[in-house]
A.B. asks: 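What follows is a single structure, and I will ask about it in a moment.
Proteins get letters first, then strands, A, B, ... in listed order; numbering begins at 1 in each. Since the structure is predicted, the reported quantities are computational estimates derived from the model, not experimental observations.
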Number of protein chains: 2
Amino acid sequence: MTGMTTAQRPTLEAVARRAGVSRATVSRVVNGSTTVAEPIQEAVRRAVAELGYVPNLAARSLVTQRTDSVALVMPEEATRVFSDDQVFPGIIRGAAQELEAADKQLVLMLAGSAAGHERVERYTTGRHVDGVLFASLHGADPLPGTLARLGIPVVCAGRPLDGARVPYVDVDNVGGVTRAVRHLIENGRRRITSIAGPQDMIAGIERLTGYRETVTAAGLPELVAYGDFTRESGAAAMHQLLTAHPDLDAVFAASDLMAHAALRTLREAGRRVPDDVAVIGFDDIETAAYTEPPLTTVRWEIVELGREMTRQLLRLAAGEAIEESVILPTELVVRESA
Amino acid sequence: MTGMTTAQRPTLEAVARRAGVSRATVSRVVNGSTTVAEPIQEAVRRAVAELGYVPNLAARSLVTQRTDSVALVMPEEATRVFSDDQVFPGIIRGAAQELEAADKQLVLMLAGSAAGHERVERYTTGRHVDGVLFASLHGADPLPGTLARLGIPVVCAGRPLDGARVPYVDVDNVGGVTRAVRHLIENGRRRITSIAGPQDMIAGIERLTGYRETVTAAGLPELVAYGDFTRESGAAAMHQLLTAHPDLDAVFAASDLMAHAALRTLREAGRRVPDDVAVIGFDDIETAAYTEPPLTTVRWEIVELGREMTRQLLRLAAGEAIEESVILPTELVVRESA
DNA sequence: TTGTAAGCGTTATCAA
DNA sequence: TTGATAACGCTTACAA
């Protein structure tokens, strides 16, 4: 099979001829100007329909200097993204929904490799999009700051680690963790460990902070092992904790995937959940309700984060002023693991 | 915070002036023409670097009639997509990887609602992209066929149900299911039930076909309940099967999510897996290795499907002839549930 | 209210 | 090998 034909598309010119008006008038009608007489609008619309006219976006964008598209940049990081993680798909979905309403296109870019990152930089700084959304940053990526300085609308998921003053949307990580750890304390747990997330991501950092502050405030020890939000890392961290603190009676994991792995590791080690050890995760991915036992976790609305980021970006692109940050709420969902 | 500045980007003209050559020559150098004298190429490249010149894609696309972008159309269908499903994220990832290598953009479009579908149709038929990828079709969507007839390169995930002759890439559903059901039979199962997928999707249809053919060939009864690939639907279908066929000793579920729900439902009903009932899923999502017990399932390479679809599309867009279909292999992964 | 005409930044066709 | 110059299809002052 092959593609390729020479289907000539009708242009404004063709519509104008057919409707017996000028190109300018057709343009006005197509763009919804109200200054055109009703009968003429009618004639133009008929011509558009008959010819199957669709505006050439390249031509339009050439003169308007807008592209009507927004880039969503995702760190690719090997298998992490899109593996079992629901965060990125959720953000994509939220962004897509909001952009659809604004009739703008979503251009997805992976910035995992150095080449990918370079490509993203070239593309975004080249003003090929009206704005850029960053879904989760690793380390202190300077790109958001650079774009912001160039006057290109940018919104990040989570506060940028390089200290750049770029608008961002995040969830109340510390508040969520605090509630989770307090829940453990109130249920009599005293050897509360934590499987922390990666410390080069703001979510990893903040969730660890929430844990530290809460156990310390209660006069309890900080017992931490590190993972990177994935199941494999969660299993490894759980093993470390069991070895280092055999008397542990609770685990707060910074992601549901790590909590899921912890559940299994604990079972393999002969510990009963929640009888011997209570476990709480973070994210409330769908799987959390189906683990054995069902996972108590901190919920936040992933899709809503994507939507809110996009709304902020669209305001920025429209020249409106916005808050530097928006923090979405988190909520403790108590199931059976704690 | 606000966006908006008047950062004037340098144009070809500016580079030409700075390098002391014509616009045409700069264009040649930028596009890698070999007919330009080396010293001049050098001068142009320096000017490009100094000015930070980035080509205006809209202008280029206006004259080349190419957009260097490809649309990936996904059915949105409420919570289904992007919920816990790893299929769509996997396809996105594969497409993104392959397009990155080809230096083309990935435009993601959701076609769940009627409005969304209409928007996709307008955008793709309007030739705003060089090709269109369809990730999983519901029902007999005429759009792929329409686009193909317009000469717009199209590749689908799975054979289109409306019989349109559109190139597609799929996995060997029937072969995979056949191996799974035979495995159950070989292990002595005789009351083999199936939780089928939605019958308006090719994957749902083919996986059911594979089940029917295999049990029938073995002289066993067809015992089917229907789901839509989600966990909720899987739980409901499992309940139905337990009620209708209390003596069942095996379940083949057309998706891992449904199999996961079946596992829980069986446990709640007091059936032991695999002792009383063997369970096999399909997809081999990451969670499959973490269910209780770990799920035996049919694996296929999700990301590879996305990559292969994209490779085919790029060939088509380049004017090459391609096979009407490419079928990727499936493999039975035996864990503990069967 | 409508039309004229001047770009927008490229690429491509010719000549030179 | 290089340079004019004419498109590409649209929007938008400015005129009428």
A.B. asks: Could you work out which one of C:dT2, C:dT10, D:dC10 sits closest to the side chain of A:Tyr53?
C.D. replies: D:dC10

A.B. asks: What's the CG-P distance between A:Leu12 and D:dG9, to the nearest Å?
C.D. replies: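 Distance, rounded to whole Å: 10 Å.
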
A.B. asks: Could you tell me, to 10°, how much the axis swings from one end of the helix from C:dT1-D:dA16 to C:dA16-D:dT1 to the other, five pairs per end?
C.D. replies: 30°

A.B. asks: Would you kindly give the CG-to-P distance between A:Asn56 and D:dA7, to the nearest whole Å?
C.D. replies: 17 Å

A.B. asks: Roughly how far, to the nearest 0.5 Å, is the CG atom of A:Leu106 from the CG atom of B:Leu110?
C.D. replies: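 The distance works out to 8.0 Å.
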
A.B. asks: What pairs with A:Thr64 under side chain to side chain donor-acceptor pair (under 3.5 Å), at least two apart in sequence or on another chain?
C.D. replies: none

A.B. asks: What residues form a side chain to side chain contact (heavy atoms under 4.5 Å, CB included) with A:Asn56, not counting sequence neighbours?
C.D. replies: A:Arg9, A:Ala58, A:Ala59, B:Leu62

A.B. asks: Only pairs at least two apart or in different chains count here, so list each salt bridge (charged side-chain N to carboxylate O under 4.0 Å, His left out) that has a residue in residues 134-148 of chain B.
C.D. replies: none

A.B. asks: With sequence neighbours left out, what residues match A:Asp200 under side chain to side chain donor-acceptor pair (under 3.5 Å)?
C.D. replies: A:His138

A.B. asks: For a quick test of your reading: what N or O donor-acceptor pairs under 3.5 Å do the side chains of residues 43-54 of chain A make, sequence neighbours left out?
C.D. replies:
residue : atom : partner : partner atom : Å
A:Arg45 : NH2  : A:Gln41 : OE1          : 2.7
A:Glu50 : OE1  : A:Arg18 : NE           : 2.7
A:Glu50 : OE1  : A:Arg18 : NH2          : 3.1

A.B. asks: Just to verify, what does A:Glu121 make a side chain to side chain donor-acceptor pair (under 3.5 Å) with, not counting sequence neighbours?
C.D. replies: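 Side chain to side chain donor-acceptor pair (under 3.5 Å) check on A:Glu121 returns nothing, list empty.
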
A.B. asks: Go through the structure and list residues passing side chain to side chain contact (heavy atoms under 4.5 Å, CB included) with A:Ser325, not counting sequence neighbours.
C.D. replies: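 Side chain to side chain contact (heavy atoms under 4.5 Å, CB included) list for A:Ser325, sorted by chain: A:Tyr168.
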
A.B. asks: Where along residues 21-34 of chain B does a heavy atom fall under 4.0 Å from DNA chain D?
C.D. replies: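 Here the set is B:Val21, B:Ser22, B:Arg23, B:Ala24, B:Thr25, B:Arg28.
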
A.B. asks: With the threshold set at under 4.0 Å for non-hydrogen atoms, list the residues of residues 38-48 of chain A touching DNA chain D in residue-number order.
C.D. replies: none

A.B. asks: Side chain of A:Leu62: nearest nucleotide among D:dT2, D:dG9, C:dT2?
C.D. replies: D:dG9

A.B. asks: Expressed as a whole number of angstroms, how long is the span from B:Arg127:CZ to D:dC8:P?
C.D. replies: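 Those two atoms, CZ and P, are 16 Å apart.
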
A.B. asks: For A:Glu98, run the side-chain hydrogen bond (donor to acceptor under 3.5 Å, both in side chains) check against A:Lys104, A:Gln312, A:Arg307 and tell me which one passes.
C.D. replies: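 Of the listed options, the one satisfying the test is A:Arg307.
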
A.B. asks: Report the distance from atom CG of B:Leu57 to atom P of C:dT10, rounded to the nearest whole Å.
C.D. replies: 10 Å

A.B. asks: Output the rounded distance in Å from CZ (B:Arg60) to P (D:dG9).
C.D. replies: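 Answer to the nearest Å: 18 Å.
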
A.B. asks: With sequence neighbours excluded, tell me which residues meet side chain to side chain donor-acceptor pair (under 3.5 Å) with B:Arg28.
C.D. replies: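 B:Arg28: no side chain to side chain donor-acceptor pair (under 3.5 Å) contacts found.
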
A.B. asks: Between C:dT1, C:dG9, C:dG7, spot the one nearest the side chain of A:Gln65, thanks.
C.D. replies: C:dG9

A.B. asks: Output all residues satisfying side chain to side chain contact (heavy atoms under 4.5 Å, CB included) with B:Arg23, sequence neighbours left out; order by chain, then residue number.
C.D. replies: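 Scan of B:Arg23 (side chain to side chain contact (heavy atoms under 4.5 Å, CB included), adjacent residues dropped) gives B:Leu12, B:Glu13, B:Ala16.
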
A.B. asks: Please report, rounded to the nearest Å, how far the P atom of C:dT11 is from the CZ atom of B:Arg66.
C.D. replies: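 Rounded to the whole Å, the gap is 9 Å.
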
A.B. asks: Mind calculating the distance between NE2 (A:His128) and P (C:dG9) to the nearest angstrom?
C.D. replies: 13 Å

